[in-house]
2 protein chains.
Amino acid sequence: MSTETTIGEKLRELRESKELPLRKVSALLDIDVAILSKMERGERKLTKGIVLKLAEIYGHNADELLVLFLSDKIMYEIQDEDLGEKALKVAEQRVKYLKASKKK
Amino acid sequence: MSTETTIGEKLRELRESKELPLRKVSALLDIDVAILSKMERGERKLTKGIVLKLAEIYGHNADELLVLFLSDKIMYEIQDEDLGEKALKVAEQRVKYLKASKKK
DNA sequence: CTAAATTTGACAATTATTGTCAATGTGAAA
DNA sequence: TTTCACATTGACAATAATTGTCAAATTTAG
């Protein structure tokens, strides 16, 4: 499940599957074509807003893209860290703890 | 397992358990006392280097502190995100995938 | 009270990120 | 080759974020 792809690569795949040129998509997003090019190749950071707009443009499930987007940011934080996996597990515990203590 | 504490709070606890004033510790770290104060309270970002030095100063297990430090950074990325937990799981998969494909 | 410890806020200096643009590179068509 | 659309690259200034430094204010312990 989306384990071998970055959000940028995924967005490029989606764009190409729709046969849309960067030029058109960047116009819809109202950003420079160079920036979108770099975002797809991971050279510039994506924002949540851009990801959501692209989900809309490509007619693709937004949550799936957001999860990939967030996990990319997480991966960036733990890159090359031996303790990354442990840190992820601790973070999971903490998320669960927060959920539990946040009464609905 | 360290689910209710930030790295800053943990470092403050350690310092207080050793009865060391900020003044002395910040001198050992060669940083301003104000910065260390803010780091302990989460108002300024800690660095890996500072965490390691503090582990040394307090004679505390460095890995445990690093895991907490990294998980803090992860938590920061997914704060308030409904999809945070899913993103963590995907990140775990990806870490495992990377480990597997990186032949030793 | 007083003295040490800590916190707070303001500020300039540094560093990072951003958008913009032009030049360059790539590939397909003919 | 020439042309054309598409994409990439790098340089640059503008903007924003982070940093260290300091002094004043506040809190805490005696």
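Chain naming here is simple, since letters A, B, ... match the order of the sequence lines and numbering starts at 1 in each. Please read these numbers as outputs of a predicted model, since none were measured by experiment. Atom set for the values below is all heavy atoms of this structure, side chains included, hydrogens, waters and symmetry mates excluded.
With hydrophobic clusters built from ILVMFWY side chains whose heavy atoms lie under 4.5 angstrom apart, A/Tyr97 does not share a cluster with A/Leu88.
The pair A/Asp82-B/Lys99 does not meet the salt-bridge criterion, since no charged nitrogen lies less than 4.0 angstrom from a carboxylate oxygen.
Looking only at side-chain heavy atoms (C-beta outward), A/Lys10 and A/Val51 stay at 4.5 Å or farther from each other. Contact of the B/Leu70 side chain with the A/Glu77 side chain is not registered, since no non-hydrogen atoms from C-beta on lie closer than 4.5 Å.
Of the side-chain N and O atoms in B/Ser37, none sit less than 4.0 angstrom from OP1 or OP2 of C/dT6. Considering only side-chain N and O atoms, B/Arg41 lies under 4.0 angstrom from the phosphate OP1 or OP2 of C/dT8. Considering only side-chain N and O atoms, A/Arg23 lies nowhere under 4.0 angstrom from the phosphate OP1 or OP2 of D/dT8. For D/dC6, neither phosphate oxygen OP1 nor OP2 lies less than 4.0 angstrom from any side-chain nitrogen or oxygen of A/Arg12.
In this structure, A/Tyr58 and A/Val25 approach most closely via the heavy-atom pair OH-CG1, 3.6 Å.
For the side chain to side chain contact (heavy atoms under 4.5 Å, CB included) with A/Glu9, the lone residue among A/Ile7, A/Leu11, A/Thr5 that qualifies is A/Thr5.
The separation between B/Glu19 atom CD and D/dA29 atom C1' is 12 Å, rounded to whole Å. Between the CD atom of A/Glu16 and the C1' atom of C/dG27 there is a distance of 14 Å, rounded to whole Å. Rounding to whole angstrom units, NZ of residue A/Lys24 and C1' of D/dA5 are separated by 12 Å. The distance between atom CD of A/Glu40 and atom P of D/dC6, rounded to the nearest whole Å, is 14 Å. Regarding A/Glu43, its CD atom lies at a distance of 16 Å from the P atom of D/dA7, rounded to whole Å. Rounded to whole Å, the distance from CG on A/Leu36 to P on C/dT18 is 14 Å. Taking atom CG of B/Leu22 as the reference point, atom P of D/dA29 lies 14 Å away to the nearest angstrom.
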Using atom names, set out every protein N or O paired with an N or O of nucleotides 19-23 of chain D below 3.5 Å, distance rounded to 0.1 Å.
residue, atom, partner, partner atom, Å
D/dG20, N7, B/Arg44, NH1, 2.8
D/dG20, O6, B/Arg44, NH2, 3.2

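No donor-acceptor distance shorter than 3.5 angstrom exists from the side chain of A/Arg44 to the backbone of A/Ile35, with no hydrogens or angles considered.
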